[in-house]
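Read through the structure below, which is laid out as C-alpha cells, and then see the notes.
The analysis underlying the following values was restricted to heavy atoms, covering all of them including side chains, and did not include hydrogens, waters or symmetry mates.
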Amino acid sequence: MPIHPATTQEAVPTLNGQPSRWHDSPSPNLSKDHFIQRDGKVFAGQHYILDLWEAAPLDNLTIMENTLRDCVDICGATLLHIHLHHFTVNGGISGVAVLAESHISVHTWPERQFAAFDIFMCGDATPEQAITILKRNFSPQRVDIHQALRGIVQP
C-alpha cells in the first residue's frame, strides 16, 4: 500500500473483518529504524527459540492467548493481532502474536507435552522476559533456549 506523502504511516489491510491498524513505516533515517545498538554491535533484533518439554496445559486456547498477551506486556511490545488455531485431532495449538516489534509464534503437541515457541523482537522490547511467563504458565520440566541476534550490521 503506498505511503501518503504527508505522513510516515501506512495502513495495514483489514483481515477477517478486523479494522485496519496503523504502524510506523520504515524510515530512511537510521536512528529511527528500531535497530538495536548494544555491546558494540548493531542488529535488527533478538530471536529466542524455546522448546518446552513435559509442559502443560498445551491444548487450552484461553490459557495460550492470555499467555501470549502476558508475554507481550512484560516484554514492552505492541500487540497488533493474535491468531490461534486449535487442532481437533490432538488438541494442539498453532498460532502467532503479530507485534509492531515482530512476533511470538507457538506450536504445541499436547500428546507429547511439547511446545515450540519462537520470539523475535526489535527496538526497545525485551523478548527474554517472555521466558519467565512461559515457564510459569506451562511448568515445563525442561526448557531448551537458543538465542540469535538477527540482522547484524557488518562494519
Looking only at non-hydrogen atoms, find the nearest pair between [X] and [Y] and report the distance.
X: G45; Y: I36; answer: CA-CD1, 3.9 Å
X: P110; Y: G92; answer: CD-CA, 3.4 Å
X: A130; Y: I119; answer: CB-CD1, 3.8 Å
X: L84; Y: V96; answer: CD2-N, 4.3 Å
X: F87; Y: H107; answer: CE1-CE1, 3.9 Å
X: I82; Y: L68; answer: CD1-CB, 4.2 Å

Straight-line distance of [X] [atom1] to [Y] [atom2], nearest 0.5 Å:
X: S105; Y: H83; atom1: OG; atom2: NE2; result: 12.5 Å
X: M121; Y: R150; atom1: CE; atom2: CZ; result: 14.0 Å
X: I49; Y: Q147; atom1: CD1; atom2: CD; result: 10.5 Å
X: D124; Y: C75; atom1: CG; atom2: SG; result: 12.5 Å

>> Hydrophobic clustering (ILVMFWY, side-chain heavy atoms < 4.5 Å, transitive) - are I63 and L61 grouped together?
In response: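 The answer is yes; both residues are in one hydrophobic cluster.
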> So R38 and Q46, side-chain contact (heavy atoms from CB on, under 4.5 Å) or not? Walk me through it.
Replying inline: CA-CA 11 Å; R38 185 179 305 139; Q46 298 175 88; 3.5 Å; yes
> Got a sec, which pairs hit ring-ring contact (aromatic ring centres under 6.0 Å, His included) with one end in residues 60-79, sequence neighbours left out?
Replying inline: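 Passing the test, one end in residues 60-79: no pairs.
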>> The criterion is ring pair (Phe, Tyr, Trp, His ring centres under 6.0 Å); which residues satisfy it with H103, sequence neighbours excluded?
In response: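 Here no residue qualifies.
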> Does H86 use its side chain to pair, donor to acceptor, with the backbone of D59 at less than 3.5 Å?
Replying inline: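 Judged by distance alone, yes, a pair lies under 3.5 Å.
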>> Between D39 (side chain only) and K41 (backbone N and O only), is there a donor and an acceptor less than 3.5 Å apart?
In response: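 No.
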>> If you apply the rule side-chain contact (heavy atoms from CB on, under 4.5 Å), what do you find for K135 with I133, and how did you get there?
In response: CA-CA 5 Å; K135 286 179 178 180; I133 301 295; over 6 Å; no
>> Using the side chain to side chain contact (heavy atoms under 4.5 Å, CB included) criterion, which residues pair with A55? Sequence neighbours excluded.
In response: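 If we apply the side chain to side chain contact (heavy atoms under 4.5 Å, CB included) test to A55, skipping adjacent residues, the hits are L52, L58, F138, P140.
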> How would you list, by chain and number, every residue that makes a side chain to side chain contact (heavy atoms under 4.5 Å, CB included) with I145, sequence neighbours excluded?
Replying inline: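 Applying side chain to side chain contact (heavy atoms under 4.5 Å, CB included) to I145 gives Y48, L50, I131, V143.
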>> Under a plain distance cut-off of 3.5 Å, with no hydrogens placed, do D118 and H47 share a side-chain donor-acceptor pair?
In response: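 The criterion, which ignores hydrogens and geometry beyond distance, is satisfied for D118 and H47.
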>> Do W109 and N90 pair up side chain to side chain, a donor and an acceptor below 3.5 Å, judged on atom types alone?
In response: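 On atom types as modelled, these side chains do not qualify, holding no pair under 3.5 Å.
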> Got a sec, which pairs hit side chain to side chain donor-acceptor pair (under 3.5 Å) with one end in residues 66-76, sequence neighbours left out?
Replying inline: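 Matches after skipping sequence neighbours: E65-R69, T67-N137.
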>> Could you walk me through whether V72 and I104 satisfy the side-chain contact (heavy atoms from CB on, under 4.5 Å) test, starting with their C-alpha distance in whole Å, then the side-chain angles of each, then the deciding distance to 0.1 Å, before giving a yes or no?
In response: CA-CA 8 Å; V72 172; I104 302 172; 4.1 Å; yes
>> Walk me through whether L134 and F117 qualify under side-chain contact (heavy atoms from CB on, under 4.5 Å).
In response: CA-CA 9 Å; L134 296 173; F117 285 89; 3.6 Å; yes
> Tell me, do V153 and F43 make a side-chain contact under 4.5 Å, heavy atoms counted?
Replying inline: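 Side-chain contact under 4.5 Å: no.
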> Among pairs that include at least one residue of residues 100-114, which meet salt bridge (charged side-chain N to carboxylate O under 4.0 Å, His left out), considering only residues two or more places apart or in two chains?
Replying inline: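 Output for this query is empty, none listed.
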